[in-house]
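Report on the following structure.
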There are 2 protein chains.
Amino acid sequence: MADPNSADMSSGVKRNALSVLMASAKKPKPGPIETLHKSTQGSYSFRDALAPLIQNPDNFVKSGEVMKYTEDYVLIHDKYPKASVHLLILPRESTRTRLHPFQALCPHVSKITGTKDFYDRMSEIVRECEDVAIRELKDLYKKTFTAEDLKVGVHSAPSMSNLHIHVISVDNYSEKLKNKKHYNTFNTPFFVSFDELGTMTREDARIKGGPMYCAQIASNNDLICWRCEKNFQNQFKKLKDHLEEEFILWKREKAGI
Amino acid sequence: MADPNSADMSSGVKRNALSVLMASAKKPKPGPIETLHKSTQGSYSFRDALAPLIQNPDNFVKSGEVMKYTEDYVLIHDKYPKASVHLLILPRESTRTRLHPFQALCPHVSKITGTKDFYDRMSEIVRECEDVAIRELKDLYKKTFTAEDLKVGVHSAPSMSNLHIHVISVDNYSEKLKNKKHYNTFNTPFFVSFDELGTMTREDARIKGGPMYCAQIASNNDLICWRCEKNFQNQFKKLKDHLEEEFILWKREKAGI
DNA sequence: CCCTG
DNA sequence: TATCGGAATCAGGG
DNA sequence: CCCTG
DNA sequence: TATCGGAATCAGGG
Ligand SMILES: Nc1ncnc2c1ncn2[C@@H]1O[C@H](COP(=O)(O)O)[C@@H](O)[C@H]1O
Ligand SMILES: Nc1ncnc2c1ncn2[C@@H]1O[C@H](COP(=O)(O)O)[C@@H](O)[C@H]1O
């Protein structure tokens with residue numbers, strides 16, 4: 001895109017929408033909504049990188065990748081954490097792991113049965129995993145944190161095929177946060193909180209899952225500090241520097257343990 | 001610019017034109033046409049880098065920068081040659097050196113008197129300098145070259161303030177050729193040949209000297225091989241590799257000395 | 001998703 | 001990822 | 001114009 | 001600037 005700030009916004013959007021639609025016409029890429037990344041032909045791809053963790057979590061306990069697991073889920077450290085604490089909840093249910101998160105988790109959206117029950121069970125798990133993340137923050141910084149310091153939810157257009165729920169601290173302080181899209185996927189409506197999933201309607205899902213909505217939101221939005229709301233436009237480097245300052249202030253304001 | 005190949009060309013052009021006009025409204029940058037880079041406030045800038053060579057050519061003979069000079073002109077090696085031979089003719093006439101080349105050189109465009117005479121005198125000098133360039137090619141490659149292997153002319157929006165005429169071999173084979181604009185300033189109508197200058201009308205000059213025409217042409221045009229006309233779009237690196245092949249073929253077809 | 005050019 | 005500041009965007013491929 | 005980020 | 005291939009675009013500053 002060019003001149004995001006200049007002149008005719010509608011024309012810019014239009015061109016962008018067009019190219020997005022054409023792109024999705026060509027290749028069945030991340031394909032928002034419905035079943036994710038149709039796994040035709042057994043050829044493995046980077047999109048399946050989470051599968052081994054679900055299949056055989058025990059293999060990844062020693063390395064620290066897997067923090068805990070039950071019959072129902074695996075809790076892991078995100079391999080490329082976009083904040084000082086960044087965990088992923090991987091539900092193990094084979095009928096849902098390949099579904100788009102809206103289909104797998106939203107009671108009012110899903111076309112398969114039992115989704116309300118599944119969502120409620122996941123709510124319990126989410127609470128447990130939040131506690132793990134909060135403890136991790138406490139151990140790291142010797143301060144008191146709460147669920148308010150976390151975001152829990154999914155990306156409206158995931159790149160990884162296996163169902164996963166992000167549990168991420170709000171700071172976004174991480175060397176793996178390397179570009180604008182990284183930041184915006186957690187700080188725009190591209191990120192859909194677990195709570196939202198519970199109430200989302202099919203119309204909501206249709207819009208948020210739409211290809212051009214997804215493509216637009218993560219890279220076409222200005223960079224806004226999560227804490228002070230300062231606008232950094234496209235200046236990612238400056239945002240990064242700023243995030244360090246906010247990180248320090250954020251920790252400082254927490255009560256000691 | 002975005003999606004140069006896609007959708008609505010005219011809208012692209014329009015946006016671009018707008019931004020160009022706004023830019024020129026802000027700062028009196030290279031200001032196409034008329035007197036170049038109004039030298040208000042004696043603050044020197046990179047635009048004046050050719051001035052010392054005109055003022056005191058003798059200082060630059062030993063270093064090889066100046067090849068020859070007379071009362072009327074200085075012939076130098078371009079410091080950042082965009083081809084295997086790239087010379088600049090610097091007319092020394094003080095009343096013209098700060099003018100836009102169209103004003104300084106075009107008999108039908110210039111608003112000052114004596115331009116026809118000046119152009120005719122420069123024609124003689126151009127012929128002499130072409131001979132120097134041809135000899136340089138011969139010495140380099142031990143082959144026979146002609147004026148057909150050279151381009152002589154000016155940029156429609158020069159960056160350097162002092163009047164200068166490029167004498168450049170057609171090959172564009174040089175490590176200093178580093179981007180699309182470099183190539184296109186010698187291979188699109190942005191480059192105005194010395195012959196054209198002799199016949200150009202004021203209307204021609206108005207168009208070619210217009211800010212958006214200049215901005216457009218050098219960076220919005222596809223990269224086309226000067227020799228085989230293959231289109232490389234924006235793939236400068238591939239053009240560079242190709243230019244090496246063409247360079248070899250070009251030399252090879254020349255008669256031995 | 002990531003990395004590299 | 002201090003100490004003044006000094007990249008963003010995108011195609012290709014795994 | 002050039003270089004750097 | 002070989003030998004298979006692997007950047008383009010842009011703002012800022014001198
Ligand atoms: N092999 C891996 N192990 C753990 N996490 C991963 C791995 N590969 C990618 N990720 C993370 O998975 C997440 C997928 O993001 P998304 O599909 O956009 O929801 C990203 O945060 C990645 O950092
Ligand atoms: N100090 C210099 N000595 C010699 N040539 C130069 C110097 N600085 C820039 N140039 C060349 O001057 C030319 C000016 O181009 P333009 O103003 O676009 O016609 C370019 O080809 C530069 O490589």
Side-chain angles (χ1 to χ4, degrees), chain A residues 1-4 19 23 27 29-30 36-37 43-51 78-82 84 88 155 157-162 164 171-183 185 218-220 223 232-248, chain B residues 1-4 19 23 27 29-30 36-37 43-51 78-82 84 88 155 157-162 164 166 171-183 185 219-220 223 232-248:
Chain A
M1 57 234 67
D3 304 342
S19 66
K27 305 174 185 177
K29 272 265 184 86
L36 265 183
H37 326 125
S43 71
Y44 271 84
S45 91
F46 67 86
R47 298 184 187 281
D48 302 312
L50 303 179
D78 192 293
K79 190 174 181 181
Y80 309 96
K82 305 307 189 301
S84 63
L88 298 178
H155 286 161
S159 289
M160 291 298 156
S161 294
N162 293 284
H164 55 279
D171 54 273
N172 279 121
Y173 183 72
S174 165
E175 67 174 15
K176 297 299 184 181
L177 188 90
K178 295 188 176 176
N179 58 50
K180 181 177 180 176
K181 189 185 176 191
H182 284 164
Y183 185 78
T185 57
S219 33
N220 263 26
L223 293 163
F232 290 84
Q233 299 177 77
N234 291 353
Q235 297 173 108
F236 179 76
K237 177 67 170 170
K238 291 193 176 163
L239 170 67
K240 287 274 285 184
D241 294 344
H242 179 75
L243 286 179
E244 180 169 14
E245 297 174 28
E246 293 289 17
F247 174 63
I248 293 168
Chain B
M1 60 231 67
D3 305 342
S19 67
K27 306 174 185 178
K29 272 267 185 82
L36 265 182
H37 325 125
S43 70
Y44 271 84
S45 90
F46 66 86
R47 298 183 187 281
D48 302 312
L50 303 178
D78 192 291
K79 189 174 181 181
Y80 310 95
K82 306 306 188 302
S84 63
L88 297 178
H155 286 162
S159 288
M160 291 297 156
S161 294
N162 293 285
H164 55 279
H166 296 269
D171 53 272
N172 279 121
Y173 182 72
S174 165
E175 67 173 17
K176 297 298 185 182
L177 189 90
K178 295 187 177 177
N179 57 50
K180 181 176 179 177
K181 189 185 176 192
H182 283 165
Y183 185 78
T185 55
S219 32
N220 263 24
L223 293 163
F232 289 83
Q233 299 177 76
N234 291 352
Q235 297 172 108
F236 178 75
K237 177 67 170 170
K238 291 193 175 162
L239 170 68
K240 285 276 286 186
D241 293 344
H242 179 76
L243 286 178
E244 179 169 14
E245 297 174 29
E246 293 289 17
F247 174 64
I248 293 168

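Heavy atoms only: backbone and side chains are in, while hydrogens, waters and symmetry mates are out. Treat the numbers as computed from the prediction; the structure is a model and nothing was measured. Just so we're on the same page: letters track the sequence lines, and every chain starts at 1.
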In whole angstrom, what separates A/Glu175's CD from C/dC2's C1'?
-> 14 Å

Phosphate oxygens OP1/OP2 of C/dC2: is one of them under 4.0 Å from a side-chain N or O of A/Lys82?
-> yes

Touch check for A/His182, heavy atoms < 4.0 angstrom, all strands: base, sugar-phosphate only, or nothing?
-> sugar-phosphate

Can you check whether B/His242 has a side-chain N or O nearer than 4.0 Å to OP1 or OP2 of F/dT1?
-> no

Which is it for B/His164 and B/His166 under the side-chain contact (heavy atoms from CB on, under 4.5 Å) test, yes or no, and what are the steps along the way?
-> CA-CA 7 Å; B/His164 55 279; B/His166 296 269; 3.7 Å; yes

At under 4.0 Å between heavy atoms, what does B/Tyr80 touch on the DNA or RNA strands: base, sugar-phosphate, or nothing?
-> sugar-phosphate

Rounded distance in Å between the C1' positions of D/dA7 and F/dA7 | 14 Å

Any B/Lys181 side-chain N or O less than 4.0 Å from OP1/OP2 of E/dC1 | yes

For atom C1', what is the distance between C/dC3 and F/dG5, given to the nearest Å?
-> 16 Å

Heavy atoms under 4.0 Å, any strand shown: does A/Lys240 hit a base, just sugar-phosphate, or nothing?
-> base

C1' gap between D/dC4 and F/dG13, integer Å | 15 Å

Identify the nucleotide, in any strand shown, that forms a Watson-Crick or G-U wobble pair with F/dC10, with both distances under 3.5 Å; if there is none, say none.
-> E/dG5

Between B/Asn234 and F/dA7, does any side-chain N or O lie under 4.0 Å from OP1 or OP2?
-> no

Using the rule for Phe, Tyr, His and the six-membered ring of Trp, do A/Phe236 and D/dA8 stack at under 5.5 Å and under 30°?
-> no

Looking only at atom P, what distance separates F/dT9 and F/dA2, rounded to whole Å?
-> 23 Å

P spacing across the pair D/dA8 / D/dT1, given as an integer number of angstrom | 15 Å

Which is true for A/Lys178 with a 4.0 Å heavy-atom rule: it touches a base, it touches only sugar-phosphate, or it touches nothing?
-> sugar-phosphate

